[in-house]
Amino acid sequence: MALSERSSRQSLIPSFLYSSAASHKTLALDKIMLGSNLNTLSERSSPTRNVFVPSPSEPTKKIEMYSPQFYAACTFGGILSCGLTHMTVTPLDLVKCNMQIDPAKYKTISSGFGVLLKEQGIRGFFRGWVPTLLGYSAQGACKFGFYEFFKKYYSDIAGPEYATKYKTLIYLAGSASAEVIADIALCPFEAVKVRVQTQPGFARGLSDGLPKFVKSEGYAGLYKGLVPLWGRQIPYTMMKFASFETIVEYIYKYAIPTSKDQCSKSLQLGVSFAGGYVAGVFCAIVSHPADNLVSFLNNAKGATVGDAVKKLGLWGLFTRGLPLRIVMIGTLTGAQWGIYDAFKVFVGLPTTGGVTPAAATELAKV
């Protein structure tokens, strides 16, 4: 790569993401990532257990795995992956929410788009995009950043042997812990978004919708849907991360004849997208009843879970708007993992899941 090209690329990457710190223990999570090849790796590597990844533009600087710079990079990648993708599918989310709230008017996906187009025009399809962008950017920052933190934290508590044996439980615990925090950041934006999208004339967007919402229901009203949001997002995120890690591991183990470190970056990112899409389908099914509850509670002032169950019915909670949500969440989750891992590759970090010894210990070459 030419010097000018490297300099140009370096300027795009925040300098705080890189560190030249001398040491940092990786403990149990190394063994999860390296698996059965850990002993072989130890014979080849230097006595230190440091794991570094270089800046793609300046090999003398490195991001130390599980360092503050590493978590900062993962947090920023989460902002990009969640905020941008959720904003992009705003039209689908808009139709889904209205199908959940008013099924008599929005009977099917196609008719729902037709009703919106007739009543609100093209601009109506992106109503609520600002709270969507800001809310899911905040959620993505917490979701991915804290997932990486808790995954390492719980692995160290378990120790190398148990962390390897029960790695799926660690993925589940780490993602659940991260999502508890992420939903606290998301909830106020989600409340305003649903109200703007399902009540035409309520507000144009976040700037006038938030004050109006607070005036009507108080600041506590912004968190009225927090428990249902946890009910939707925690199972969703547990499925999203644990199934993704497992699917990617199986893809590299059974579907690709070469090891991950011998695969091109584009192939690795393709695996991330495919694993994310399949995981997204599972996520949509698991979290859909709670998604219906969130939409119902945030749409109607003073509504309760009992009111939602009475009006929608148990079958309606599980099925209303589900096909559209499967398409939306599958695409969304695949894109999120693709963007997240693309950013990690861009700053010199390995992609998520299925990590081989070479990928975890050698200096990345981009």
Tell me which pairs pass salt bridge (charged side-chain N to carboxylate O under 4.0 Å, His left out) where either residue lies in residues 339-353, with sequence neighbours left out. E148-K344

Salt bridge present between D183 and R232 (N-O < 4.0 angstrom): no

Using the salt bridge (Lys or Arg N to Asp or Glu O under 4.0 Å) criterion, which residues pair with K105? Sequence neighbours excluded. E119

Strictly distance-based, threshold 3.5 Å: is any side-chain N or O of K152 a donor or acceptor partner for the main-chain N or O of Y147? no

NZ or CZ of K311 within 45° of F296 ring axis and under 6.0 Å: no

Kindly indicate whether the side chain of Q336, heavy atoms from C-beta on, has any atom under 4.5 Å from the side chain of C82. yes

Taking the side chain from S216 and the backbone from F213, do they hold a donor-acceptor pair closer than 3.5 Å? no

Treat each ILVMFWY residue as a node, draw an edge where side-chain heavy atoms are under 4.5 Å apart, and state whether L293 and V194 are in one component. no

Might you point out which heavy atoms bring E245 and K151 nearest each other, and give the distance in Å? OE2-NZ, 3.1 Å

Which residues pass the ring-ring contact (aromatic ring centres under 6.0 Å, His included) test with Y106, sequence neighbours left out? none

Under the ring-ring contact (aromatic ring centres under 6.0 Å, His included) test, which residues partner F113, sequence neighbours left out? F125

Geometric class of the Y66/F70 ring pair [parallel <30°, tilted 30-60°, perpendicular >60°]: perpendicular

Side-chain donor/acceptor of S272 to backbone N/O of Q268, under 3.5 Å: yes

Counting only heavy atoms not in Y162 (residues, nucleotides, ligands), do more than 12 fall under 6.0 Å from its OH? no

Of all pairs that satisfy salt bridge (charged side-chain N to carboxylate O under 4.0 Å, His left out), the ones with a partner from residues 314-331, not counting sequence neighbours: D291-R325

State, with a plain yes or no, whether a side-chain heavy atom of Y71 is found less than 4.5 Å away from one of F146. no

With sequence neighbours excluded, give me every salt bridge (charged side-chain N to carboxylate O under 4.0 Å, His left out) pair touching residues 172-181. K143-E179

For S243, check side chain to side chain donor-acceptor pair (under 3.5 Å) against everything at least two apart and list the hits. none

By side chain to side chain donor-acceptor pair (under 3.5 Å) - contacts of K165 (at least two apart): none

Could you pull out all residues at least two apart from S81 that satisfy side chain to side chain donor-acceptor pair (under 3.5 Å)? none

Under 4.5 Å between side-chain heavy atoms, chaining through other members, with only Ile, Leu, Val, Met, Phe, Trp and Tyr counted: pull out the rest of the cluster around I285, sorted by chain and number. F273, Y277, V281, L322, I326

From F241, F144, F244, residue fulfilling ring pair (Phe, Tyr, Trp, His ring centres under 6.0 Å) relative to Y340: F144

Main chain of L94, side chain of N98: is a donor-acceptor contact present, judged purely on distance under 3.5 Å? yes

Can you list the steps and then say if I109 with K96 is a side-chain contact (heavy atoms from CB on, under 4.5 Å)? CA-CA 8 Å; I109 297 173; K96 173 190 70 70; over 6 Å; no

Residues forming a side chain to side chain donor-acceptor pair (under 3.5 Å) with D307, sequence neighbours excluded: T304

Walk me through it: do K212 and E217 pass the test side-chain contact (heavy atoms from CB on, under 4.5 Å)? CA-CA 9 Å; K212 193 172 182 178; E217 302 192 34; over 6 Å; no

For A163 and I170 the tightest heavy-atom approach is CA-CD1, 3.6 Å

Within residues 74-89 or reaching into it, pairs that qualify as salt bridge (charged side-chain N to carboxylate O under 4.0 Å, His left out) - sequence neighbours excluded: none

Spacing of T85 atom OG1 and M328 atom CE [to the nearest 0.5 Å]: 10.0 Å

G209 and V192: which non-hydrogen atoms are nearest, and at how many Å? C-CG1, 4.0 Å

Just to verify, which of K193, R195, E190, Q197 counts as forming a side chain to side chain contact (heavy atoms under 4.5 Å, CB included) with P131? K193

Looking only at side chains, do S155 and Y166 share a donor and an acceptor under 3.5 Å apart? no

